[in-house]
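We're numbering straight along the sequence, starting at 1.
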Amino acid sequence: KTTFLKHVALRGVNGDLKAVPIFIGLKQLSDSGLSVFDFVVNQFDVCDFPDAKVYLDKLLKEGTAILLFDGLDEVNVTRDEQPRLISDVEMFTWKYDKCQRLITCRSAASNFTFRGYTYVEMADFTQDEIRDFARNWYGTTSEGADRGALFLSELDKPESKGLPDQARVPLLLALIL
């Protein structure tokens with residue numbers, strides 16, 4: 001989930017998106033005790049961004065940001081922080097409703113509801129899908145086919161223990177390749 005959001009953030013930084021990515025770790029936000037807006041302003045200030053508050057408010061009101069909220073499931077439930085945080089995030093995203101937004105949470109902890117959001121689950125690859133993805137990744141040329149076959153044979157070796165589990169996650173498989 002974090003890797004996916006960081007991928008989206010990098011695409012924004014590289015100019016592939018028409019929005020400025022703003023990555024918000026929800027555990028860090030919750031632990032800070034700050035409002036969402038003040039937390040983000042603080043993150044900009046830490047980087048010595050001039051007039052962060054004014055810039056951020058303008059960016060959000062124009063809808064030229066994509067808000068990347070990461071790790072709702074990591075927020076401390078023993079202090080009943082999740083309901084407060086959910087409320088704060090909802091109010092923030094309603095106020096700046098022109099911005100695109102993504103919130104990640106492990107599917108095992110998906111007992112949270114956000115009004116107006118579409119829920120999507122990233123499914124793991126099956127063994128056949130891992131093999132198909134690797135073959136497509138390396139291509140159909142002779143050299144590509146050989147490299148794909150080598151990768152798959154290395155993945156099957158006992159000393160690659162743990163790697164096949166990581167390869168089930170599509171984004172991690174792309175990083176491994």
Can you list everything that forms a salt bridge (Lys or Arg N to Asp or Glu O under 4.0 Å) with [X]? Sequence neighbours excluded, please.
X    : result
R135 : D132
E129 : none
K53  : none
D156 : R131

Verify the cluster assignment for [X] and [Y]: are they in a single hydrophobic cluster under the rule of side-chain heavy atoms below 4.5 Å apart?
X   : Y   : value
V13 : L67 : no
L56 : V89 : yes
L5  : L10 : no
M91 : Y96 : no

Kindly write out the residues that satisfy ring pair (Phe, Tyr, Trp, His ring centres under 6.0 Å) with [X], not counting sequence neighbours, or none if the list is empty.
X    : result
F4   : none
F23  : none
F133 : F125, W137
Y55  : F49

Query raised in the report: Which pairs, with at least one residue in residues 7-21 and sequence neighbours excluded, count as a salt bridge (charged side-chain N to carboxylate O under 4.0 Å, His left out)?
Result: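 Pairs touching residues 7-21 that pass the test: R11-D16.
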Query raised in the report: So which of I22, I103, L102 actually passes side-chain contact (heavy atoms from CB on, under 4.5 Å) with F69?
Result: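 Exactly one pass, corresponding to I103.
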Report all side-chain donor-acceptor pairs from residues 141-154 shorter than 3.5 Å, counting only partners two or more places apart or in another chain.
| residue | atom | partner | partner atom | Å |
| --- | --- | --- | --- | --- |
| T141 | OG1 | G144 | N | 3.0 |
| S153 | OG | A149 | O | 3.4 |
| S153 | OG | L150 | O | 2.8 |
| E154 | OE2 | K157 | NZ | 2.9 |

Query raised in the report: Is there a side chain to side chain contact (heavy atoms under 4.5 Å, CB included) between L85 and L26 once you walk through the steps?
Result: CA-CA 8 Å; L85 188 70; L26 291 173; 3.9 Å; yes
Query - Residues forming a side-chain hydrogen bond (donor to acceptor under 3.5 Å, both in side chains) with T64, sequence neighbours excluded - result: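 Here no residue qualifies.
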Would you say the side chain of [Y] lies within less than 4.5 Å of the side chain of [X], judging by non-hydrogen atoms?
X    : Y    : answer
D57  : V41  : no
K95  : F92  : no
T2   : T104 : no
I176 : Q166 : yes

Report task. For S32 and L29, indicate whether the former's side chain and the latter's backbone hold a donor-acceptor pair under 3.5 Å. Result ->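 Yes.
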Query - Other ILVMFWY residues reachable from L172 by side-chain steps of under 4.5 Å - result: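 Via sub-4.5 Å side-chain contacts, L172 links to V169, L175.
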Report task. Show your reasoning for whether side chain to side chain contact (heavy atoms under 4.5 Å, CB included) applies to C105 and E74. Result -> CA-CA 8 Å; C105 181; E74 297 170 14; over 6 Å; no
